[in-house]
2 protein chains.
Amino acid sequence: MVKKTGQPAYLQIADDLRKQVHGGSLAPGSLLPSTAQLAEQYDASLSVVKMAVGILRNEGLLIGQQGKGVFVQDQEPSESEQLPAMDLVSEVMELRTAVQDLSERLARVESTLSERSDR
Amino acid sequence: MVKKTGQPAYLQIADDLRKQVHGGSLAPGSLLPSTAQLAEQYDASLSVVKMAVGILRNEGLLIGQQGKGVFVQDQEPSESEQLPAMDLVSEVMELRTAVQDLSERLARVESTLSERSDR
DNA sequence: GTGAACAACATAGTTAACCTAGTTGGCATA
DNA sequence: TATGCCAACTAGGTTAACTATGTTGTTCAC
């Protein structure tokens with residue numbers, strides 16, 4: 001699968017995966033093949049696949065969950081990353097609402113947990 | 001040099017170098033120590049240093065020239081606007097990753113809870 | 001039926017080794 | 001002096017192996 005162009009294999013794989021995500025071939029939230037499967041699919045070693053996934057993980061395009069797999073980040077169409085220097089004020093406001101949301105959800109989870117432990 | 005925080009070594013080194021560049025300790029156009037020197041300096045293996053440099057290279061912050069060395073990209077003070085205060089920017093970035101992490105963990109907890117209540 | 005124990009599989013991080021290729025400086029030879 | 005060769009150093013790419021840790025499914029004992 002990896003062509004013998006000048007580009008290194010890990011970049012070729014990263015580009016290919018990126019295209020699949022942007023092209024819709026890999027839907028947001030969907031699970032990627034495992035590292036070993038990708039390695040076989042691209043006829044590459046485990047290491048280069050891990051490097052490719054690492055790049056996209058660093059870009060925020062993919063998220064890896066230890067023990068489960070690598071998923072396509074679904075809230076991608078938002079800004080956050082593309083804009084080089086997005087203004088800090090709105091960023092902080094988003095973070096504040098995100099923290100509030102997390103706080104409420106966590107409170108719910110905690111209450112359900114305490115109810116179950118009570119009985 | 002690499003502290004035993006939860007963060008992996010290659011990210012610690014990348015962050016440190018990023019701060020040195022943004023803080024002016026590493027001037028644009030200047031030459032970084034060689035990979036081997038950095039490895040010794042951070043008391044890390046060659047591989048993690050190469051990973052750290054690779055990240056910053058991918059970000060466009062550094063440029064590597066085979067046979068010569070790794071240099072700080074100089075045309076970085078680009079358009080957009082004055083970065084207000086680099087400490088705030090990195091602070092916000094850290095908060096964003098922290099919120100993402102919390103969000104993922106909470107989503108996992110919530111999903112397991114809903115699954116159990118379904119059965 | 002429940003729960004503990006275990007095996008299999010997953011990502012993640014780290015290390016070491018090897019190869020390729022570009023740069024530089026020294027040195028011997030023409 | 002000028003040319004060519006060579007050693008040393010550089011980044012970059014690739015591979016393999018190991019450890020750590022999390023998830024999932026099965027099996028077995030209670």
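From a predicted model like this one, the values you see are computed outputs, not experimental measurements. So that the names make sense, note that chain A is the first sequence line, chain B the second, and so on, each numbered from 1.
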- Taking protein heavy atoms under 4.0 Å as touching, what does nucleotides 19-26 of chain C look like 5' to 3' if B marks base contact, S marks sugar-phosphate-only contact and - marks none? -BBBSS--

Distance check needed: [N] [atom2] versus [X] [atom1], whole Å only.
X	N	atom1	atom2	result
Leu32(B)	dT10(D)	CG	C1'	13 Å
Gln7(A)	dT14(D)	CD	P	10 Å
Leu62(B)	dT10(D)	CG	C1'	15 Å
Met51(A)	dG12(D)	CE	P	11 Å
Leu31(B)	dT10(D)	CG	P	10 Å
Leu46(B)	dG13(C)	CG	C1'	16 Å
Gln65(A)	dC9(C)	CD	P	20 Å

Of the nucleotides [options], which one has an atom closest to the side chain of [X]?
X	options	answer
Lys50(B)	dA11(D), dT14(C), dA17(C)	dA17(C)
Val53(B)	dT14(D), dG13(C), dG12(D)	dG12(D)
Arg57(A)	dA10(C), dG13(C), dT10(D)	dG13(C)
Ser47(A)	dG12(D), dA12(C), dT15(D)	dT15(D)
Ser45(A)	dA11(D), dT14(C), dT15(D)	dT15(D)
Val48(A)	dT14(C), dT11(C), dT15(D)	dT15(D)

- Message: Check this for me, if you would: do Arg18(B) and Asp15(B) make a salt bridge, where the nitrogen-to-carboxylate-oxygen distance has to be below 4.0 angstrom?
- Response: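 So Arg18(B) pairs with Asp15(B) through a salt bridge.
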
- Can you tell me if the side-chain N/O atoms of Tyr10(A) get under 4.0 Å from OP1 or OP2 in dG13(D)?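 Answer yes for this pair, as a side-chain N or O of Tyr10(A) is under 4.0 Å from OP1 or OP2.
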
- Item | Distance in Å, Ile55(B) CD1 paired with Leu61(B) CG, rounded so as to fall on 0.5 Å steps |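 CG of Leu61(B) is found 11.5 Å from CD1 of Ile55(B).
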
- Terminal axis angle for the helix from dG1(C)-dC30(D) to dA30(C)-dT1(D), five pairs an end, nearest 10 degrees: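 The end-segment axes of the helix from dG1(C)-dC30(D) to dA30(C)-dT1(D) are tilted 20° relative to each other.
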
